[in-house]
Every structure is written in structure tokens, then in C-alpha cells.
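A, B, ... follow the sequence lines: proteins, then strands. Residue 1 opens every chain.
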Amino acid sequence: MPETISLEVLRYSPERDAEPSFQRYDVPLHKDWVVLDALNYIKDKVDGSLTFRWSCRMGICGSCGMMVNGEPKLTCATFLSNYAKENKPVRVQPLRYFPVIRDLVVEVTDFMTKLQSVKPWLIRGDGKPISEGEYLQTPEQLDRYKQFSMCINCMLCYAACPVYGLDPVFIGPAAIALAQRYNMDSRDEGAHERMDVLAQHEGIWGCTFVGECTKVCPKHVDPAGAIQQYKLTATIERFKSFLMPWAAK
Amino acid sequence: MDISYHDVLLVGGGGAGLRAAIAAAETNPNLSVAVVSKVYPMRSHTVSAEGGAAGVIKPGDTLDDHAYDTISGGDWLCDQDAVEIFVKEAPEELLRLEHWGCPWSRDPDGRIAVRAFGGMKKMRTWFADDKTGFHLLHTLFQTTLKYNAVTRYDEWFVTRLLVDEGRVQGVVALQLMSGRIQAITAKSVILCTGGCGRVFPFTTNASIKTGDGMALAFQAGTPLKDMEFVQYHPTGLPFTGILITEAARAEGGHLINKNGYRYLQDYNLGTPTPQPVLRNMELGPRDRLSQAFVKEVEKGHTTDTPYGPVVHLDLRHLGEKVINTRLPFVRELCLKYENIDPIKELIPVRPVIHYMMGGVHTDNNGATPLAGLYAAGEVACVSINGANRLGSNSLPELLVFGARAGRAAALAAMEQRTPSEHAISQAQDEKARLEEQFLRKTAGRERVATIRSEMHQAMESGAGIYRNQTSLENAADKLRELRERFRDIGLDDHSLTFNTELLAALELSFMLDVGSAIVESALHRTESRGAHQRTDFAGRDDQNFLAHTLIFRNPDGRIRLEKAPVVITRWPPAERVYGVKPDVKEVAAR
Amino acid sequence: MSDTRQAARYTEYHPRWYRPRVSTWWWLGRWPYLKFILREISSVFVAWFVVVLLQQIRALSRGPEAYAAFERWLQNPLIVLLNLITLFFVVFHAITWFNVAASAMAIRFHGKRVPDLLIVGTNYAAWAAISLVVAWFLVRS
Amino acid sequence: MAKQSNEPALWALFSAGGVMAAFVIPVHLFLLGLAFPLGWIPAPGYEYLHSFVRLPLTRLYLFVLCFLALFHWAHRFRYTLYDGLQIKHLNELIFFCCYGGAILGTVWAGYLLWNFR
């Protein structure tokens, strides 16, 4: 194993640069180091102006998503040694399809707005008092939405989604999966409200099932599956309201 | 300068901050509530909590049992009135989370499931697999999205509190994206910035946990309480410091030394049993387990690795099914970060800085001695954790006291009051200071990373699991030196756009303050209690130290220490007894 | 089609950010994207098959001579080549379609999700069976 | 309430067509386009085919196959053009060409099969 590895990191300063460019750094190659460790090494020892987000370093806070050799990755869980044998610099870029604020930091407001737009909270008509205890939910009922509740909002799925890249009005994988997380929750009664948002062209219908969102998801949420399943639900609902208009709310 | 006006301002968007925001908004929907957070709320470190949240819900368990476990776990330094409030309100808060959609793990009949946890005599820890903090934080965050009264300042960093006329009037904050520095005023300010694990080199804490709120309060003259009590979690992965949850031991994992021996039996923690027994062996409290590790190192019974000595956590006998269904995150972390499969292999672990028992001095409603200033969560010290926090008490703590602080702050904010001229002018001064000290200065010679790493070393060698007068004084001297050198700090980055180096420098400055508060408080307490173990003062000294340590910073910068009484209601100080004899077993039933 | 479209919402105040336009040829760069486009293109060949089928029906209804001409047309090397490519694409369509069937339809049985492999396997088995039936009708004469 | 879109219907047709196409087109095409013309398998005679297609059930099957396969094509091709070529301003035109083509093809199939003698 060589003792150092080269990184090509995208640098962009809105105050200085018209266009971004790649800067090359050589960093020590330790067996336990992930890409994020290399970036921190650069920031601490070489160039304090290198800019990126990170926090927990254990794959749960969702801050450190970047493109590593063209693939969306959590850099805290991407080992440098995996790239050592390729003998060419590891390319680190900001998440694709998002506007770049600076270096490896992208703009997140659009994503946050989309999360909010699908009403990701428990909607219930009755509102039982706390004193009456919990809403019952069997392990099987929990299992129905569990997978969709695992999203850490790292946005790798958006960076993998060409539909979002081509037309950012698309609500996108994570937000739709989150809506499904609540739709499938046995305690929730808000599916109808959410359908107004999801069943638009910008919602599920924009998705062409490229399927990459599911492949890059570090938490195995399967947003592509969520969207396809919801297409079926929305279609059935639509036919129901067409055939039985009196039954629709 | 731009000024925004709110009624209640949350500094920090983690579990406590979001819970407080919702409580404030519900107390009075007409109030303008704002959350200022240096990261997007769902990135907050609450997300990393794994094992669970304690709350009495099952038949056979009582509030008094929970209170007793908490108080004895805290080595009688807990305020017992606060603990009584805490254990009573914890189940209500956890149920509220359930009503907001938190995916708590369930029993087959659909009721909330509970698991065993360290230091707890009964099974009362609610959990969502081993990602409890993650689910709790995301549920809270998603629930706040429905409150339109809550304004968020995401990725804004608070650099100081605005204090005038004896009360807090708001904060000065820096917007990372634009570099804008402005005053955000409010009638009540609640600090919910979490702990300060990053003062130490080896910690489970995320990079954002730099003690910001503690330092902000300290600088404003508010006392910090019990700062000498820093919790080591006995099972962190070497190098990364990633936490392997206590739930791994609650499910039946064993800690073994290099001879394959369950060494905890040598440290007055009971005797090995085939099934996990509550308050016994691996389910003893964290302070005692971490201290046992140091003794094992001294005996030469640990295994050496490039990242220091380790012992091993053995989960293999639990089998694939238990590991995959109850501890999936443990397995994921081991596979991803250590290339180890706990189903087949031993997990190397060592104690790692995990939690700050001490914090901003507050009363049972989160109010600090400074009017208008509140604190809740890890940043605060109520104190329910005393000298050692029990696992799974921190999540309910941030809910209970987050909600209380939110309500109290909202009630206080209903009075009419406008920020004073002088407070606003402080914001101008702060802006000028930041520009002069960091952004425009080009001559500085010290690097942030150098000072930070020297601080880490000073803290680890001076104020680790075992301390003494010499080690602490050396650390104190070193921190004073670093504080001096910090004045000569120089940044590579003078940009206004997302200047993370400026952020790191401001955080370092906060950490230097918090670090000295820890060291000075530890020097002051000449006894050993809970997580504070002095080799030169072995044993608990209730005569002199059944008291909280309060540390103040005077306006002239000098430090002052005081003692404050511990509230004892129904549980007079006694010896902490852990472990059972083999004949009186209380088997943790599954 | 564009009805109540709202634009993507970004923060109001921000520094000049960098936002490259997605290249028209975005799908050439990565194999999974190319595979996606090929999968989508398969629909053209599905349509081509319908054209061939309708030609056959038309020839059948016009009598034996017309049908013989149709059969000669099918033997034209260009048509054979085109049909060979078509076969590749329709098989590609079938495989990609069956492989994602499990993720598109979460089927539950007794509260447990049916394993993906079982769903996909059932699809392949049905494919084989249906193909045999269709073939039997066409070659039994 | 958002405007009721026709996407559910179009998607349902696309999906049904996709299933149909996946299950039966490969074998049809293999026999009709390759195996018979190249003589790998003896081709069925005119008489047999003619009488077979005259069966109402066969005609219904062929009609459904053409109808669904064409709508499958229309939907998928429409989105391929959107995504692949980024010609968003031509959305309406693409929409009418694709589904219009599918409707024409279906009408043609219906005409041929209805009048099949």
C-alpha cells in the first residue's frame, strides 16, 4: 500500500471564483481513514479554508454527503483504502444537482421545503389524551413503515436522481418516502391530505423509476419502492373516486 | 445592522431545543418562537443516542424505583425534588412522543416495549431498536414543521448573549452562508446547545458538541454547576470513538479482558450470571465500569492496539436474531467502521468521553440565575444526573426539562418588553470584534487545529477518569497558556461565505472556557464521587462535599467557586451497592 | 401539462452559487444511467413489435398471397437484423421489469413482507410458463 | 385540492402494458421475427393461422396486446424524451404525439381485428 493518497477536491469560492476548479492534496493513507478524515486532515494541517459539512462521524446525522469519484457517498463511511489500488486521485465534489455555496457545501433550503410540503407529522382526527396511554401498534404494523422511517436526510438520493437534476420541481425520493412513512403508519389518518401533494405531476408522477436513489441510500430506505408503491395506491384511489364518487371525501 | 425580533429564542435545535420550541408555541400560539441552530436541526447530536429512554410504564415498576436508581446512580448528588419531577413527567413526555409518531419498539400486543439498562433495577427503558435518539429527534423535528409560529435560523451560530439591565435580551448570531452578523432579540432565551465532549480528544460526541451554550452563559456571568463530572461511556470503538450502546450489554453482552475473563466481577460489581441481571456486572453504572477498565490496564490485562488499550465486548452468544432485531445499528456500525461482525467476532472497546453531567445552573423550570435565560438538555444541570448519569435518562431529561423550560420561557415572554438601546449596541460591538479578531486579521500565527489538539491532550491527561491535584494544575496552566496563545490566532480563511474555519475558532474559544471550568471545578472538589475520581482524595466525603460546585466568571475575568446545597427529600445518602450474590438473582426476564 | 407548477424554492439571500446545467448527455457518463435510458428505449421496440404484428394480421386477412409476401418481407436481412435487436430490447425490458417487481409491489402475507426473491422468482416462472403456452399455440400446427 | 390529473390512468395503462409486454412479447417476437423466418422452427401455415386468428378470443387477446403495448410505449417514450433530450418546452407536442400515436395504432388494430375475415 502506498503511504499517501491524492485527493482532487472541488474548490469554489463565490467571492473569488467565476468557475470551480479542482485542487489536489496528498494525504497520509491510514487503513482506518475515511474520506472525511482526509478532508479534516487537509483542513487542520494544510488549508484551513477548505469548506465542508460534517458532524457525527457515525453515519446517522446525514451531514457529510458528497460525490466521491462521481458516486454520492457519506464520506464518514467511505474508506480511503477502497480507492488506493486505483492509483489515481480520489475526486471529491459537492452533492450533484444542488447549487454549490462554497467548496463542498450545497444549498439545502429547497430540500427542507420539500420535506415540509409532504406534511411529515402524525395526523389524527381524534387526539387522544396522553393520560389514556399509547396508541397500540403491533410489531407487524410497525414493520410496515419502519423501513421508510430510517431516512437520515443525507440527500444522497437527490444527488443520484436525474429527474430531480433535470427538473428541481420534483419533490424527490426522500420526501416521498417520508410521506409514505406516515401514510403506512397505523396511527396516522393523514394519507388523504398528503395525496394532494404527492399525486401531482411534481410528486410521484415525475419519477421514472431510475432506481438509483434506492441503490445509493446508506440506510436501505428504498425510496424508489416507496414511490412505485404510492403510484399504485394513488391510481387505485383515483379509480375508486371515479367509480364511486360518493365514497370520496 | 439588521435586527430580528422574537419572543422566545431557542439556541440549539436538538431534542431539548425542539421540545422547548413546541412547548413555547403551545403555551401561547401568538408568541413568535425562533430556533437558532448552527446545524440543520436533524443533524443535532440527539440523533446519535442509541439505547433508549427511561420512563416508568410497566406494572411492577414505580416512580420511586426510578428515582432511587437515578439518585444512587448519581452518587447522591442529584437534587431529589428535580428527580421526582423528572421520573413523574418522563413517561408523559415519552407518551407524547408516541402520539407524535415516534416508532417505539413494541410488545406483540401492541404496547410499548421496554428493555433493561445499566444501573436500573427494573426494565423501563423505551427504545426504537438501537436508534432511539435518531427516531426521537426526527419525530420532534417533523412535528415542529407543523407549527408555523416557529421560525428557524438554520446554520446560524450564536457568538454571544445580549445582556442589559440585568436580563438577557437576545443574541448575536452569524449566518454561515452569508457571513451576516446580526442581533436576534427575544424576551426569553433558552440554551439547548448540548454538551461539550469535544473538549476531549476521544469522544462519542459529534464535532458540533463544543459547549457553546455553557460558554455563552459563563461569559454572561451565569454559573456553571458540577462541571467536574464528565461521563466516560465504557464501550466506545477505538480510533473513531463511535458508541456501542449500553443496550448491547442489556441484551446480554459480556465485557472480557485479554484472558477472556469477565473482569467486572473483581470490582465489586457482582458475580457473572448466564442471563443479564439488573444492576449487576455489565449492567452496573457507567462510572464504575470505566474505572474498572483503568484498573485492568494497570494490571496489564488489556489488549494493546494502535489506538490504545482495549477490552472486548462479546455479543456472539446472543445469536444472529437478537443482534439483528434488537441491535441492528451496533452491527451496522461494527461492520461499516471496524470491519467486524459482532455475530462472529469480538468488538474491541474502551471508555470514551460521552456526556457532561454538569452544565448551566438551572432550577426545575430551566431558569438560570440570569433573568430571561433558560437552559435545558445536556447543556443544563438541574441536576438529576448528579455525579453520574444513568444510561437512558438523558433522552427523557431533555424532553421533560425542554418542555418545562419552553413553557416557563413562554410565560415570561408574554410581558411587553422591547430590547434596550444598549443591548443593540452590544451587537454592534460584537460584530466589530469578530471582524477585527478574525476576519480582517492577517498576522495571526497560531492555528486553530494546533491549539485544539494541545487542549485535547491537556484535558485527557489532566482531567480523565482518574485525576489528582498535580494533573489538574498542569491542565489548568496549559489551558491558561492556550488562552493566551489564542489571541494570536490566524485564519487561512477570510471569506464571508460559509467560513467554517471562523466557526472552528469561535468554538475553540468556547471550549477553552468550558475546559477551564471543568478543571477548576475538579480541583475544587477534593473527594471522589461518581465520575469524579481523585487519586489523592479517595472516597466520598459527604461531610464537606454533599454539595454542588458552582463556578462563576466575574466581569473582570477572574474565576470564583461556590458550593450550593443538594436537595435531599426522601433518600438520605447511602452507599452505592451494585451486583448481587448468585442466590438472590433478579433475572432480567425477556 | 404544466398546471399549478411551483418553482423549486431556495433561500432568499445567498452568495452567488455555482449551478451547472445538467448536460443533455448526462446518461452517457454512468453505466446505471445508460442502462436506464436503454430500458426506456426498449419501449420503441415494443411499439415496433406491434407494427410487425399488425402487418401480419393485415396480411392474414388479405389472403395467402399477401401472407406469403409478408413472410418474404420478414426474411429480408435488414428486417431480421432489426428483429434481432428488438428481441434483445424486449428481453431486456422483461428482465428489468421483473427485477423491480418486488420493490414496486410490497406484498404482505400474514403481516410479513414476502421476500423479494420469491416475488421475482415467481415472475420468472410465470414468464417461462406463459412463453411455453404461447409457443404451443403457434407451433402445434 | 390539486387539479385531477390523468396521470393515474396513463400510468395504469403503462404498467399493464409493461406486464403484458414482458410476459408475451419476447416469445412472440422470437418466433415471428427470428425462428420462423430463419427456418429454425417450421412456421405455421396460412390456413392454421387464419382460422386461429378468426377465433374471437384470439382477436380479443391480440387487440389487448396491441392496445396496452402501444400505451406502454407512449408513456415511456414520452418520459424518455423529457429526460433524455431536455426539450421541456415541447412538452405538449410530445404528449400529443405519443398518446396520439398510441390511439391511432389502437384504432388501426381495432379496425383490422374487427373486420378480420
Side-chain angles (χ1 to χ4, degrees), chain A residues 10 12-15 17-20 70-71 94 96-102 105-114 117 138-141 143-144 147 160 162 164-172 184 200-202 205 208-212 214-216 222 224-229 231-232, chain C residues 1-43 92-93 95-116 119-120 123:
Chain A
L10 188 117
Y12 170 70
S13 159
E15 290 143 286
D17 309 330
E19 286 283 306
E71 300 290 327
R96 192 169 37 204
Y97 305 141
F98 291 96
V100 180
I101 295 173
R102 183 175 173 192
V105 173
V106 296
E107 147 70 8
V108 184
T109 317
D110 177 51
F111 172 74
M112 297 297 283
T113 314
K114 284 177 170 147
S117 74
T138 63
E140 288 76 30
Q141 288 171 321
D143 188 56
R144 286 182 75 89
Q147 184 180 26
Y164 180 69
L166 292 163
D167 193 354
V169 298
F170 177 44
I171 291 178
M184 311 282 279
Q200 298 180 63
H201 181 81
E202 295 75 24
W205 302 117
T208 45
F209 206 172
V210 182
E212 283 299 292
T214 291
K215 282 195 211 148
V216 302
D222 190 15
I227 299 173
Q228 300 319 305
Q229 290 161 31
K231 281 181 182 173
L232 191 62
Chain C
M1 279 314 289
S2 54
D3 38 13
T4 54
R5 284 185 161 232
Q6 78 271 40
R9 272 168 286 186
Y10 301 106
T11 183
E12 232 173 304
Y13 305 103
H14 61 81
R16 181 179 54 88
W17 54 44
Y18 171 66
R19 181 147 219 217
R21 186 182 172 279
V22 176
S23 150
T24 303
W25 312 106
W26 59 269
W27 40 275
L28 278 177
R30 281 178 82 238
W31 168 236
Y33 287 166
L34 184 61
K35 213 169 100 180
F36 161 72
I37 285 289
L38 290 178
R39 187 189 86 189
E40 300 298 283
I41 292 289
S42 73
S43 63
F92 187 64
H93 161 73
I95 292 172
T96 50
W97 193 270
F98 295 141
N99 285 354
V100 298
S103 133
M105 297 235 292
I107 299 170
R108 281 172 187 274
F109 188 71
H110 284 298
K112 286 233 167 66
R113 194 165 158 173
V114 178
D116 289 6
I119 297 181
V120 175
N123 269 298

Student: Run the side chain to side chain contact (heavy atoms under 4.5 Å, CB included) test against C:Ser23 and tell me which residues pass, sequence neighbours left out.
Tutor: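 With neighbours one apart ignored, the set is C:Trp25.
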
Student: May I ask you to name which of A:Leu232, A:Ile227, A:Val210 has the most heavy-atom pairs under 4.5 Å with chain C?
Tutor: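 Of the candidates given, the most pairs with chain C belong to A:Val210.
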
Student: Using non-hydrogen atoms only, which part of A:Gln229 is less than 4.5 Å away from chain C: side chain, backbone, both, or neither?
Tutor: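 It is both, since atoms from each part get that close.
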
Student: Using a heavy-atom cutoff of under 4.5 Å, enumerate the residues of residues 29-39 of chain C that contact chain A, numbered in order, or state 'none'.
Tutor: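 Heavy-atom contacts from residues 29-39 of chain C to chain A are C:Arg30, C:Pro32, C:Tyr33, C:Phe36, C:Arg39.
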
Student: Is it the side chain or the backbone of A:Gln141 that comes within 4.5 Å of chain C heavy atoms, both, or neither?
Tutor: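 Neither part, no heavy atoms under 4.5 Å.
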
Student: Taking A:Tyr97's backbone N and O only, do any of them form a donor-acceptor pair with C:Arg19's side chain (distance below 3.5 Å, no angle check)?
Tutor: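 Yes, C:Arg19 side chain to A:Tyr97 backbone: donor-acceptor pair under 3.5 Å.
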
Student: Taking it one step at a time, do A:Thr214 and C:Ser103 satisfy side chain to side chain contact (heavy atoms under 4.5 Å, CB included)?
Tutor: CA-CA 10 Å; A:Thr214 291; C:Ser103 133; 5.7 Å; no

Student: Measuring heavy-atom distances to chain C, does A:Thr138 have an atom under 4.5 Å in its side chain, in its backbone, in both, or in neither?
Tutor: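 Contact with chain C: none, neither part.
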
Student: Under 4.5 Å, counting heavy-atom pairs only, tell me which of A:Ala160, A:Ala18, A:Pro162 racks up the most with chain C.
Tutor: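 Max contact count across the listed options: A:Pro162.
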
Student: What residues form a side chain to side chain contact (heavy atoms under 4.5 Å, CB included) with A:Pro14, not counting sequence neighbours?
Tutor: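 In terms of side chain to side chain contact (heavy atoms under 4.5 Å, CB included), with neighbours along the sequence ignored, A:Pro14 is linked to A:Tyr12, A:Arg102, B:Thr497, C:Pro15.
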
Student: Can you check side chain to side chain contact (heavy atoms under 4.5 Å, CB included) on C:Met105 and A:Gln228, steps first, answer last?
Tutor: CA-CA 7 Å; C:Met105 297 235 292; A:Gln228 300 319 305; over 6 Å; no

Student: Please name all residues satisfying salt bridge (Lys or Arg N to Asp or Glu O under 4.0 Å) with A:Asp143, sequence neighbours left out, ordered by chain then number.
Tutor: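 By the salt bridge (Lys or Arg N to Asp or Glu O under 4.0 Å) rule, A:Asp143 matches C:Arg108.
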
Student: Check each atom of A:Phe170 against the heavy atoms of chain C and say whether the ones under 4.5 Å are side chain, backbone, both or neither.
Tutor: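 Neither the backbone nor the side chain of A:Phe170 comes within 4.5 Å of chain C.
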
Student: What do the steps show when you test A:Ile101 against C:Tyr18 for side chain to side chain contact (heavy atoms under 4.5 Å, CB included), and what is the final call?
Tutor: CA-CA 7 Å; A:Ile101 295 173; C:Tyr18 171 66; over 6 Å; no

